Protein chains: 2
Amino acid sequence: MLKHERQLLIQKLVNQRGAASVNEIGEALSVSPMTVRRDLEVLDTHHALLRVHGGAQSLTMKALPELSRIQKRNLNVSEKDEVAQIAASLIQPGDIVYLGPGTTNELIAAHLLVGDVRMITNSLPVFESFQERADQFQLQLIGGSYRARSGAFIGSLANDVLSHLRTTKAFISVNGVKDNAISNANPEEGQTQRIALDNTAHRYVVADLSKLNKQDFYSFYDLSQVDRLITNPAINRNDVATYSKYTTVMTTA
Amino acid sequence: MLKHERQLLIQKLVNQRGAASVNEIGEALSVSPMTVRRDLEVLDTHHALLRVHGGAQSLTMKALPELSRIQKRNLNVSEKDEVAQIAASLIQPGDIVYLGPGTTNELIAAHLLVGDVRMITNSLPVFESFQERADQFQLQLIGGSYRARSGAFIGSLANDVLSHLRTTKAFISVNGVKDNAISNANPEEGQTQRIALDNTAHRYVVADLSKLNKQDFYSFYDLSQVDRLITNPAINRNDVATYSKYTTVMTTA
DNA sequence: TCATAAATGTTCAACTTTGTTCACGTGCAC
DNA sequence: GTGCACGTGAACAAAGTTGAACATTTATGA
């Protein structure tokens, strides 16, 4: 058997079984463990598999996402994380969901338990947060010009595409909620957000408590048009009460 | 038996079996191993098969396992780099450039010296290769459904957007160039490539030498419609000469 | 923490494959 | 016939591949 041929067989074997030990491979192909080790080293440098102590592991099988999610949940549950968890609980099978840019939306992927959901976003970090679970969701990124500060794609290209898409739910993360208006720092990004809100059935504004009663540079939507304002429990509930006249306020409390 | 006749038989044998050793071939054709070696050397320089220690291996795509993007990136790095350098030299200030997915296109950023260029791509790796130089270029990513294997955004969303954009130059990286057709592995990705080619003023096909005379699953464009085929210098120029009747072939030689 | 076993990398010798060189034979032109 | 070009196979030195021995590192459990 040719060396290269043998290496292909090893790669195939490891991919089939997810992982294999050096001795297993050696027996299967009737070569010494030393030869297997040398082959594994070559295959590893070619990124055909992952060399681990005792054998090798397939790179195509992503075996660990569940663990990392549980780990994440047990780790410091921040305020943003609480808000993301509420948002995730609103998503149901069959939904077509738009997620805007923002760190809170990046956390939704970790909390989303249901499948059969179509996710649409114009945020590269949000997109990446879903990527390792690409097999469980239909995932679409809205392209356009890139704004590095927020990781969002904006501009006419993004707006054009968004204006042709109808979603069932849109989650918009904002910098400020004040006087019946929601706002953020960048006009172009705000325009894109507005288009997303205009083309969805259910509008959810996501904002941790620190954003309430703040106003940022560009106001882009009317709070009364929003279905729900999702925020976390107030130590002082006055802020939340202020906004409940415009919309339903959801908190973890 | 004529020498040429025998070499064709060897090529056929290797393609049928995926791989064959020098001794196997020698026995099958009743010639000495030395003769087989000399034949294999000729066939290898003509890219009819791949010479490996102990024998030879078929180059037909079905015989090889599907390679991941990372594996591909490590393949023929210097050759791809040469090709990328030629491509970069064709880009001028004022151009609106489309770069398709492909490891060769990922290398263009590093070689691009001029500014005032608008870059449009549907490939996340290509996009990332330009990101650190975002201040020097206008950079736009075409979104859509994501194909993890190639890092490309495809599907109707991507096609819609692309069909509305007019570029001055498009660089398309392909898996195969054969019989006046260019091809790659994925039909959806091929469709997106075709749209990009349909909407540009200057069409450049980028392919290192290993792609010539290969055919992959999905043919998506006519080579005669292409302005230039960019490849690297052949040790044996026969392959390149074959394609120069359809298009201008550029090499580093 | 330490002891123990398992796995690893290094080195070397045996073996295989390779390329170089040369000799031989065939076919063809003169 | 002679000379020449060419393809072929054999001999041999060089290079590559393999498996075993052994020292080192890593994992695991007491």
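Values in this document were obtained by computation on a predicted structure and should not be read as measured data. In what follows, chains are A, B, ... by sequence order, proteins preceding strands, each numbered from 1. All heavy atoms count here, side chains included; hydrogens, waters and symmetry mates do not.
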**Item:** Residues that B/Gln7 engages under side-chain contact (heavy atoms from CB on, under 4.5 Å), provided they are two or more places apart
**Value:** B/Lys3, B/His4, B/Asp39, B/Val42, B/Leu43
**Message:** Determine whether A/Ile142 and A/Phe153 satisfy the following criterion, side-chain contact (heavy atoms from CB on, under 4.5 Å), listing intermediate values before the conclusion.
**Reply:** CA-CA 7 Å; A/Ile142 305 294; A/Phe153 291 95; 5.6 Å; no
**Prompt:** Does the side-chain contact (heavy atoms from CB on, under 4.5 Å) test come out yes or no for B/Tyr221 and B/Gln193, once each step is laid out?
**Reply:** CA-CA 9 Å; B/Tyr221 221 77; B/Gln193 305 273 60; over 6 Å; no
**Message:** Between A/Gln136 and A/Leu112, does the side-chain contact (heavy atoms from CB on, under 4.5 Å) criterion hold? Intermediate values first, please.
**Reply:** CA-CA 10 Å; A/Gln136 297 165 58; A/Leu112 193 52; over 6 Å; no
**Complete:** CG of A/Leu29 to CG of A/Leu13, rounded to nearest 0.5 Å, is 7.0 Å
**Asked** How long is the span from the CZ atom in A/Arg37 to the CG atom in A/Asp44, to the nearest 0.5 Å?
**Response** 14.5 Å
**Prompt:** Quick one: how far along DNA chain C does chain A reach, first to last nucleotide 5' to 3', anything under 4.0 Å to a heavy atom?
**Reply:** C/dA7 to C/dT11
**Message:** Working note: B/Thr104 + B/Ile230, criterion side-chain contact (heavy atoms from CB on, under 4.5 Å); need CA distance, chi angles, decisive distance, verdict.
**Reply:** CA-CA 11 Å; B/Thr104 310; B/Ile230 305 175; over 6 Å; no
**Spacing of CZ belonging to A/Phe137 relative to CE belonging to A/Met119, to within rounding of 0.5 Å** = 7.0 Å
**Item:** Listed partners of A/Gln140 passing side-chain contact (heavy atoms from CB on, under 4.5 Å), at least two apart
**Value:** A/Arg118, A/Ile120, B/Ser145, B/Leu157
**Prompt:** Got a donor-acceptor contact below 3.5 angstrom from the B/Ser183 side chain to the B/Asp216 backbone?
**Reply:** yes
**Asked** Between B/Arg147 and B/Glu188, is the closest basic N to carboxylate O distance under 4.0 Å?
**Response** no
Can you tabulate the close N/O pairs, meaning under 3.5 Å, that link protein atoms to atoms of nucleotides 15-17 of chain D?
{"unit_1": "D/dG16", "atom_1": "O3'", "unit_2": "B/His53", "atom_2": "ND1", "d": "3.4"}
{"unit_1": "D/dT17", "atom_1": "OP1", "unit_2": "A/Lys3", "atom_2": "NZ", "d": "3.2"}

**Prompt:** Between the side chains of B/Asp222 and B/Ser224, is a donor N or O closer than 3.5 angstrom to an acceptor N or O?
**Reply:** yes
**Those residues of residues 24-32 of chain B lying under 4.0 Å from DNA chain C by at least one heavy atom** = none
**Request:** Tell me which residues in residues 35-44 of chain A put a heavy atom below 4.0 Å from DNA chain C, sorted by number, or none.
**Result:** A/Arg37, A/Arg38
